[in-house]
There are 2 protein chains.
Amino acid sequence: VRRSTEEARVALLRAAFARDDPRVRLGIGDDAAVLEPSPEALVWTVDAAVAGVHFRTDFLSRSELGYRATMTAASDVAAMGGDPIAVLSSLVLPADFDDAELSELAAGQRDAADELGAVVVGGNLARGSELSVTTTLVGRASRPLRRDGARPGDEIHVAGELGMAAAGLSALLRGVRPPELAEALRAWRRPRARVAEGIAASGVATAAIDASDGLACDIGHVAEASGARAVLDESALIEGPLQDAARALGLDPLELALYGGEDYALLVALPPGKSVAGFRPIGAFVPGDGVWLRRIDGRVTPIEARGFDHFAPTP
Amino acid sequence: VRRSTEEARVALLRAAFARDDPRVRLGIGDDAAVLEPSPEALVWTVDAAVAGVHFRTDFLSRSELGYRATMTAASDVAAMGGDPIAVLSSLVLPADFDDAELSELAAGQRDAADELGAVVVGGNLARGSELSVTTTLVGRASRPLRRDGARPGDEIHVAGELGMAAAGLSALLRGVRPPELAEALRAWRRPRARVAEGIAASGVATAAIDASDGLACDIGHVAEASGARAVLDESALIEGPLQDAARALGLDPLELALYGGEDYALLVALPPGKSVAGFRPIGAFVPGDGVWLRRIDGRVTPIEARGFDHFAPTP
């Protein structure tokens, strides 16, 4: 087991992340990274993955952790219709975290960055008692998508799965791994930022958000910011794989789809009659406020727009 | 004691950080911040302040922590000759961290951002066992300063104090606060990123770095990247306030100046005969490698370029 000095670890990361990109002038090795001037607006986000809070270390390999932390941060850039350029990674590593683990973590980050078409250009290394990966991403966006532009009449479309990640996490928490949950486990462990879909939607969609806290909560943010009511169609929310995963776990698929969270699916509001490749309709905005559900039997009723709250009082 | 939900805390921060800036299109409240297109190169950095590692919670008020975390991150932008535009703040807060503490922390961040001419445009909130503040900053730089351009014959100049922050930290660690250490305490608690000096030096300096790990270590990075030897003048390193602080602590002022760290002074290499307002000469680059010291008695000898290593084996 090898645990190198900080300088040697920076060299390890520099080698792992070396990439040429015309949008990046200077990567790892100076006081700061240098990006070329940008003719387009820049979208910029930061996201933290803290052990014991956002993940359990026995639920993810180091490589999966690196991949997942990068993709979940990138999902915010995708939700703005942005094209990721560059990544900074700030790591807090426990004293016993060794070089092999660091290499594995970096490999996962690099795989995600490669898929995103982005370059890891720097970061920070610190010792700490709690493993954490804080990822900050910059992307370019010619027409950034916001939360507050949805209008009554717009349709709600989604790219990506709903409820599957929560089913996967539920399986991990129970310690069960039946074969019919393989896809759900993959959904939680290897989420995919919907970058191409976000870029395709920008210029068409009137609003967008990524479903990280759960569909009901996140579409509720759009409804509130836009001053409209979101009405979701139950019949459109539950697809075959979610049915199967929910059955294997004895869980309600509707509950998973609405409140599961961590899907990193992309939700957009589209003007009536518009569609974008990769998206499917799941509801519409109408005058009013809040989040409502059109049930299979035709009734339309309000639902709670709750999501995960880091600072909620313990029940 | 009030501990609000995540949403209420985001609203608190949104109010604390509200600022208009023509370079910022969209701040807190969406999936990501939006910055206007940049005609200049962008310099971009991230820095973490972890309780128990970078600071002790009894050494800094919450406001000082927010100010310090922002300034130490900005120091990297200053060292590239960058003009800070915007800040993202990722906070990990223990369960008992209350709203008053969060407001105080944010006030310190806002004060620092105001001094830097930057806007806090977003961030992330998470629960965790270990308080940490991870700050990422973007600045614009027409002529970014790098570490690798110093040439033999260039002079080494510094803006800011050397050794004073280490004296202040030493006083805190010993629990002593004689009046003659007030300035040293301030140097550790309220470091200042040398933004104006960095901008003034860009286009003149051949290399730059901020003295965060200690003068000897940091000038050693420039020497190594540039392929030259740094020779520091002992007589130029020790100023009156450092003499006084070192005497009050019974410490060697030279040791503090060379190895103290956390000064966030700005070190630049200037072509022979050049000077920049706010900087004073402390040495020169010559052919060779490593870091050497010209002692008061005229001897010139190599010195160790060691600095703080997060992952050094425990002695």
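These numbers come from the heavy atoms of this one structure, side chains and all, not from hydrogens, waters or symmetry mates. Lettering of chains follows the sequences in order, A, B, ..., and the numbering in each one begins at 1.
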At a heavy-atom separation under 4.5 Å, does [X] approach chain A through its side chain, its backbone, both, or neither?
| X | answer |
| --- | --- |
| B:Thr136 | both |
| B:Leu137 | backbone |
| B:Glu130 | both |
| B:Val138 | both |
| B:Val34 | both |
| B:Ser4 | backbone |

How far apart are the closest heavy atoms of B:Ala86 and A:Trp44, and which atoms are they? O-CH2, 3.3 Å
Show the nearest heavy-atom pair for residues A:Ser90 and B:Thr134, with the distance to one decimal. OG-CG2, 3.8 Å
Looking only at heavy atoms and a cut-off of under 4.5 Å, which of [options] has the most pairs with chain B?
| options | answer |
| --- | --- |
| A:Gly123, A:Ser212, A:Ser132, A:Ala225 | A:Gly123 |
| A:Arg140, A:Arg147, A:Arg146, A:Met80 | A:Arg147 |
| A:Ser129, A:Ala78, A:Ala208, A:Pro144 | A:Ser129 |
| A:His221, A:Arg9, A:His54 | A:Arg9 |
| A:Ala41, A:Gly128, A:Ala95 | A:Ala41 |
| A:Asp210, A:Leu26, A:Asp148, A:Leu145 | A:Leu26 |

Report the option among B:Leu88, B:Val53, B:Thr45 that has the most heavy-atom pairs separated by less than 4.5 Å from atoms of chain A. B:Leu88
Counting heavy-atom pairs under 4.5 angstrom with chain A, the leader among B:Val87, B:Val121, B:Leu91 is B:Val87
Interatomic distance, CG@B:Leu42 vs CG@A:Leu42, rounded to 0.5 Å, equals 6.0 Å
May I ask you to check whether over 12 heavy atoms, not counting those of B:Glu224, lie within 6.0 Å of atom CD? no
Measuring heavy-atom distances to chain B, does A:Val43 have an atom under 4.5 Å in its side chain, in its backbone, in both, or in neither? both
If one checks every heavy atom of A:Val46 against chain B at 4.5 Å, the contacting part turns out to be both
Please walk me through it: do B:Asp31 and A:Ile209 pass side chain to side chain contact (heavy atoms under 4.5 Å, CB included)? CA-CA 7 Å; B:Asp31 292 293; A:Ile209 195 168; 3.5 Å; yes
